[in-house]
Amino acid sequence: MKKSFSFGIGICFIVSFLSLGFVGCKAEAKKEALEIAVFVPGIMADSPVYSMLAAGVQEAVDSVNSRLQDGGSALEPGEYSPLVEGSKEVLVTILEAGTNQAEWSNKLTALAATGKYALIITSNPSMPEIIEPLTTQFPQVKFVVLDGFLEGNNNIATIRYNQREQAYLTGYIAALVSTANPQEMKYANPEAHLGFIAAQEYPVMNEILLPSFIEGAQAAVPEAKVDFRIVGNWYDATKGAELARSLYNSGVDVILPICGGASQGVIAAAKELGFYITWFDEDGFDKAPGYIVSSSVMAQKKMAKEATEKALLGIIEYGKAKTVGIEDGYIDFVQDNPLYIETVPESIRTKMAALVDDIKTGNLLLPSP
Ligand code: RBF
């Protein structure tokens with residue numbers, strides 16, 4: 001009760017400050033909207049992790065709003081959280097912080113400093129570190145970080161994906177495709193030589209994504225070799241194409257791009273020269289039919305929706321870090337897209353289906369480091 005009371009005062013203070021010129025807490029003030037924000041560390045275009053984040057938060061807000069209409073009678077008993085209690089509706093603001101990462105901390109500070117937002121939702125592994133100092137400065141703001149990991153701060157909840165599973169699956173199929181019979185896969189050359197183009201280096205990239213891609217590739221084809229290249233940002237398609245061309249010229253026939261907008265350049269080079277691409281984060285088969293051979297996806301939209309709903313209803317656990325994977329339904333390997341079935345021969349698809357089953361059933365354990 002005490003907790004809910006202090007929250008009530010917090011919301012009341014924010015609403016009063018904004019709409020009543022800070023004249024104290026009137027009863028009507030509680031009827032105002034509750035505002036939350038999505039902080040996109042980058043831009044949404046060509047970054048499915050971010051467009052799924054925004055879409056999922058919006059869905060959660062729509063769902064909570066429809067339950068709040070009619071005075072919240074559609075909410076189950078006990079579902080009222082101190083956050084939404086007394087608000088007529090929830091409003092969401094989406095801020096794209098842009099590609100200059102040096103500005104993110106100041107932009108997030110400015111967002112929190114408005115005092116408007118009780119909850120800020122964001123996504124990427126660098127965000128917990130940027131947020132931590134803000135939680136002492138703005139203790140009334142709660143943060144939910146997807147695709148990030150931090151334990152022990154009572155104003156931050158993090159949920160990350162088991163990207164060892166996601167990258168292992170990708171490496172496995174990349175090596176199978178690279179060593180496929182060229183009569184079945186026309187761009188495959190005899191060597192198991194793969195490429196990985198990353199936008200930038202970061203701990204999750206260096207310690208999970210790249211090593212797990214190599215681990216998966218070598219589980220399928222022990223002599224598989226992976227060349228790693230870095231774009232230097234998340235948008236430069238010209239650089240992405242240059243790196244892809246040079247990998248192709250050195251004998252690479254399958255490339256994994258994790259580089260946002262720069263992956264458009266990798267696609268252009270694949271069409272120009274003839275090599276395969278393994279896609280990451282979302283179902284990307286239709287981006288380049290015949291060239292994309294796999295999609296290892298994360299259910300970021302579903303997670304964003306669920307986490308936002310939980311935060312609004314007051315049932316998310318702050319101070320806790322969760323990791324979710326294939327078994328929980330948040331990582332998957334797309335097998336039902338007709339373009340997968342058309343592009344990848346059955347012998348490879350059968351091996352992938354068995355691998356997915358092995359991970360799902362726990363026969364093959366790939367815990368996130
Ligand atoms: N992923 C994107 O798709 N677009 C981005 O702009 C983007 N920016 C990132 C910036 C930083 C500092 C870090 C650490 C990661 C970024 N990611 C971005 C990567 C994303 O969090 C995730 O690791 C990859 O999408 C692979 O799932």
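Both counts, for ligands and for their atoms, begin at 1 and track the order of listing.
For K107, the salt bridge (charged side-chain N to carboxylate O under 4.0 Å, His left out) test picks out E103, with sequence neighbours left out.
The environment of E346 atom CD is sparse: at most 12 non-hydrogen atoms of other residues, nucleotides or ligands sit within 6.0 angstrom.
No side-chain donor-acceptor contact under 3.5 Å links Q163 to the backbone of L209. For S294 (side chain) and V334 (main-chain N/O), no donor-acceptor pair under 3.5 Å exists by modelled atom type.
At a 4.0 Å heavy-atom cut-off, the residues surrounding ligand 1 are S47, V49, Y50, Q101, W104, N124, P125, S126, D147, Q163, Q200, Y202, W234, I258, F280, D281, M298, listed by chain and number.
Checking R160 against T323 by side-chain atom types alone, a donor-acceptor pair falls below 3.5 Å.
Note: F39 and F143 fail the aromatic proximity criterion, with ring centroids not under 6.0 Å apart.
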